[in-house]
Structures are given as C-alpha cells and as structure tokens.
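In listed order, ligands and their atoms are each counted from 1. In this text, all values refer to a predicted model and were calculated from it rather than measured experimentally.
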Amino acid sequence: MEAYSVQEILSGLPKGTQEHLKELTDVFLLENAKVNLSAHRSNDRCWQGNILDALPAIPFIKNNPMFNAQCSVLDIGTGGGFPLLPLAITFPDHRFTGMDSVQKKMDAVQRIIDTLKIANVMLVTGRAEDLGNSPAHREHYDIVTARAVAEARLLLEYCAPFVKVGGHILLWKSLDIDDEISSSKRAEVELQLRRLSPVIYDLGAQWGKRQILVYEKTARTPEAYPRPVGTAKKHTL
Ligand code: SAM
C-alpha cells in the first residue's frame, strides 16, 4: 500500500498555516519545559514527532465529503495537544475538542491556545469512561482521534461512544501491530465498528513508516459502553 509523505502533505498547506505550525512548536516547547507534556524536547524532534506526525489525517478529512465545514473532532487523551492542535490549525473552520484526565496538562494546552489565538478548540478535563456517558458528548462528534493512549481494543471502547453513527475513529499506531489488530476484532463487533483501510505514512528519516487505523461507526454504541473506570482495562473486550 502506498504511503503518504508528510513532507508532501506539509508543502501542500498554505504558507500561513505552515508558519502557524512552526509557531506551535516554539510555544509548545516553552510549556513543555515547565510541565512534562512530551518526550520530544528539541525543536527538531517536536516538529517531526508531534507536529508532522499529526498531518497524515489531513487527506483523509479533506477527501471525505461528509466532513464539511461544520465537522466536529474530539481528541481523546490529548496530553500536550497532539494530534489536536496541528489539526485545529490546519482546519480553522472545523470545531475541535481536546480531552484529557489530567488538569495541569489541560491548563498548559489552554495557555498554548491563548498564546497562538487558536479560536476553534475547547478543552474538557475528565476520563473518557465518564464523559462517554455524558449527553453533552455522547454520539456528538464526526471524528474521534487518539494517539499513544492505549492498545486498540481498549481505546475503541473509550472512543466509540463519542462518535456519531457514520462517523470515524482515527488511531495513530506503529506499523507492525497485526496482533493488536486481531485482538481488537471482538471490540469492533461489540461496539458496532467497521475497520477500513489504514492511512499509511512515511514520517521521514529515523522515524519511518507508521499508520492511522480507521474505523467507521455503523450503528449506535450499546448502552453498556463505556463501562465504569477501570473495568475496560481489567476485562478488556
Ligand atoms: N495524545 C498525546 C500525544 O500523542 O502526545 C498524549 C499521549 S500520553 C502518552 C497519553 C494521555 O492520555 C495522557 O495525557 C493521559 O492523561 C491520557 N489518558 C489516558 N487514559 C485516559 C482516559 N481514560 N481518559 C482521558 N485521558 C486519558
């Protein structure tokens, strides 16, 4: 399967957007020096590992006619704001929500948003297992994203309740995870999800190829999900 080049995706973005992404790197690194948000501490590593790594979702979102200007996106376990912030900068007309259980991370991301005047992001502090039952969030989003939060079968239980029927889940993963994918089959069936072709991308020298797993939600999530905090980890689907 052909891999997208992140450099090509980047060079296809308007110059102003590219500049805004560079500014995000600088502002993020200042916050990262105060609050432990990411292991990517140098400008190069942050640019490649956090900013460019978010971009392969762009062709998927742009090429899908159901994601119009009103599209709503939730990033679960956003941590320091990835992939949330690069995508919010790239799609200024879409509405983004970042969610994480750690308040001090959300405070740091809010400062980054304020400094960069990013107008299309709101943040929610809480656990996905709790907020997935809240009427304000359940089946409310066109796209739910997550990177480096948990293994796929657990993450699907966190993500599925938030997605509208017909919407999509995008999970950032490394390439060789056949076991992780096959062990998430039961979760796919139980949560009414259909796995589509992944987005394969090449992050460049030293980083190599990676993928975004893509799932479509085909029917409403059963009321039993998400289960209370801790249950999904103990009795994984
Ligand atoms: N997505 C970011 C990235 O790729 O840089 C952060 C990844 S960090 C390794 C995982 C984050 O997920 C942490 O900030 C953690 O607090 C959050 N997290 C883990 N489980 C969660 C849950 N059940 N609900 C909300 N946030 C969660």
Peer 1: Strictly by modelled atom types, are Ser72 and Asp142 linked by a side-chain donor-acceptor pair under 3.5 Å?
Peer 2: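 Yes - a donor-acceptor pair under 3.5 Å links their side chains.
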Peer 1: Under 3.5 Å, side chain of Glu129 to main-chain N/O of Arg227, donor-acceptor pair present?
Peer 2: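 Not a single qualifying donor-acceptor pair exists.
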Peer 1: Taking atom types as modelled and ignoring hydrogens, do the side chains of Thr97 and Asp75 form a donor-acceptor contact shorter than 3.5 angstrom?
Peer 2: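 Asp75 and Thr97 do not have a side-chain donor-acceptor pair below 3.5 Å.
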Peer 1: So which heavy atom in the protein is nearest atom 19 (C) of ligand 1, and how far is it from that ligand atom?
Peer 2: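 The protein heavy atom lying closest is Val149 CG1, 3.8 Å.
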Peer 1: Name the closest protein heavy atom to atom 24 (N) of ligand 1, giving the residue it belongs to and the distance to 0.1 Å.
Peer 2: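 Nearest protein contact, heavy atoms only, for atom 24 (N) of ligand 1 is Ala128 N, 3.0 Å.
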Peer 1: For atom 4 (O) of ligand 1, find the nearest protein heavy atom and state the residue, atom name and distance (0.1 Å precision).
Peer 2: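 The protein heavy atom lying closest is Arg147 NE, 2.6 Å.
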Peer 1: In terms of residue, atom name and distance, what is the protein heavy atom nearest to atom 10 (C) of ligand 1?
Peer 2: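 Of every protein heavy atom, Ala148 O, 3.4 Å lies nearest to atom 10 (C) of ligand 1.
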Peer 1: Could you tell me if the side chain of Lys209 sits less than 4.5 Å from the side chain of Leu175, heavy atoms only?
Peer 2: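 Counting from C-beta outward, Leu175 and Lys209 do come under 4.5 Å.
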Peer 1: State if Ala146 counts as touching ligand 1 under the rule of any non-hydrogen atom under 4.0 Å.
Peer 2: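 It does not, in that no heavy atom of Ala146 comes within the 4.0 Å cut-off of ligand 1.
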Peer 1: Please step through side-chain contact (heavy atoms from CB on, under 4.5 Å) for the pair Arg195 and Glu216, ending with a clear verdict.
Peer 2: CA-CA 6 Å; Arg195 190 162 64 85; Glu216 182 187 8; over 6 Å; no
Peer 1: Just go through Gly77, Ala39, Gly79 and tell me whose heavy atom is the nearest to atom 1 (N) of ligand 1.
Peer 2: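 It is Gly77 that holds the nearest heavy atom.
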Peer 1: Whether the side chain of Asn32 engages the backbone of Leu37 through a donor-acceptor N/O pair (distance < 3.5 Å, no angle test) should be reported.
Peer 2: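 Present.
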Peer 1: Judging by distance only, is a nitrogen or oxygen of Met99 under 3.5 angstrom from one on ligand 1?
Peer 2: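 Such a contact does not occur with ligand 1.
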Peer 1: Taking N or O atoms only and a 3.5 Å limit, does Lys105 qualify as a polar contact for ligand 1?
Peer 2: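 Between Lys105 and ligand 1 (N or O atoms, distance only) the closest approach is under 3.5 Å.
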Peer 1: Purely on distance, is any nitrogen or oxygen of Val102 under 3.5 Å from one on ligand 1?
Peer 2: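 N/O-N/O distance under 3.5 Å: no.
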Peer 1: Taking only heavy atoms of Glu129 into account, list the atoms of ligand 1 that are under 4.0 Å away from them.
Peer 2: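 Going through ligand 1 atom by atom, the ones under 4.0 Å from Glu129 are 22 (C), 23 (N).
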Peer 1: Of all the non-hydrogen atoms in the protein, which one sits nearest to atom 25 (C) of ligand 1, and at what distance?
Peer 2: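 The answer is Gly126 O, 3.5 Å.
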Peer 1: Side chain, backbone, both or neither: which applies to Trp172 and ligand 1 if a contact is any heavy-atom pair less than 4.0 Å apart?
Peer 2: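 Contact part for Trp172 vs ligand 1: neither.
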Peer 1: Passes side-chain contact (heavy atoms from CB on, under 4.5 Å), Arg147 versus Phe82? Steps please.
Peer 2: CA-CA 7 Å; Arg147 186 184 82 158; Phe82 300 106; 3.9 Å; yes
Peer 1: Among protein heavy atoms, which sits nearest to atom 16 (O) of ligand 1, and what does the distance come to when rounded to 0.1 Å?
Peer 2: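 Ranked first by proximity to atom 16 (O) of ligand 1 is Asp100 OD1, 2.7 Å.
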Peer 1: Please report which non-hydrogen protein atom sits nearest to atom 21 (C) of ligand 1, along with the residue it belongs to and the distance in Å to one decimal place.
Peer 2: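 Its nearest protein heavy-atom neighbour is Arg127 NH2, 4.1 Å.
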Peer 1: I'd like to know whether ligand 1 has Ser101 as a neighbour, heavy-atom separation below 4.0 Å.
Peer 2: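 Yes; Ser101 lies near enough to ligand 1 that a heavy-atom distance drops under 4.0 Å.
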Peer 1: Is there a donor-acceptor contact under 3.5 Å linking the side chains of Asp44 and Gln48?
Peer 2: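 Their side chains do not contain a donor-acceptor pair, so the 3.5 Å distance test is not met.
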Peer 1: With a 6.0 Å cut-off (strictly less than), is the heavy-atom count around CG of Asn63, excluding the residue itself, greater than 12?
Peer 2: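 Count over threshold, so yes.
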Peer 1: Do the rings of Tyr141 and His137 sit parallel, tilted or perpendicular, given the 30° and 60° boundaries?
Peer 2: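 Ring orientation, 0 to 90° scale: parallel.
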Peer 1: Determine whether any heavy atom of Thr78 lies closer than 4.0 Å to an atom of ligand 1.
Peer 2: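 The answer is yes: ligand 1 sits under 4.0 Å from a heavy atom of Thr78.
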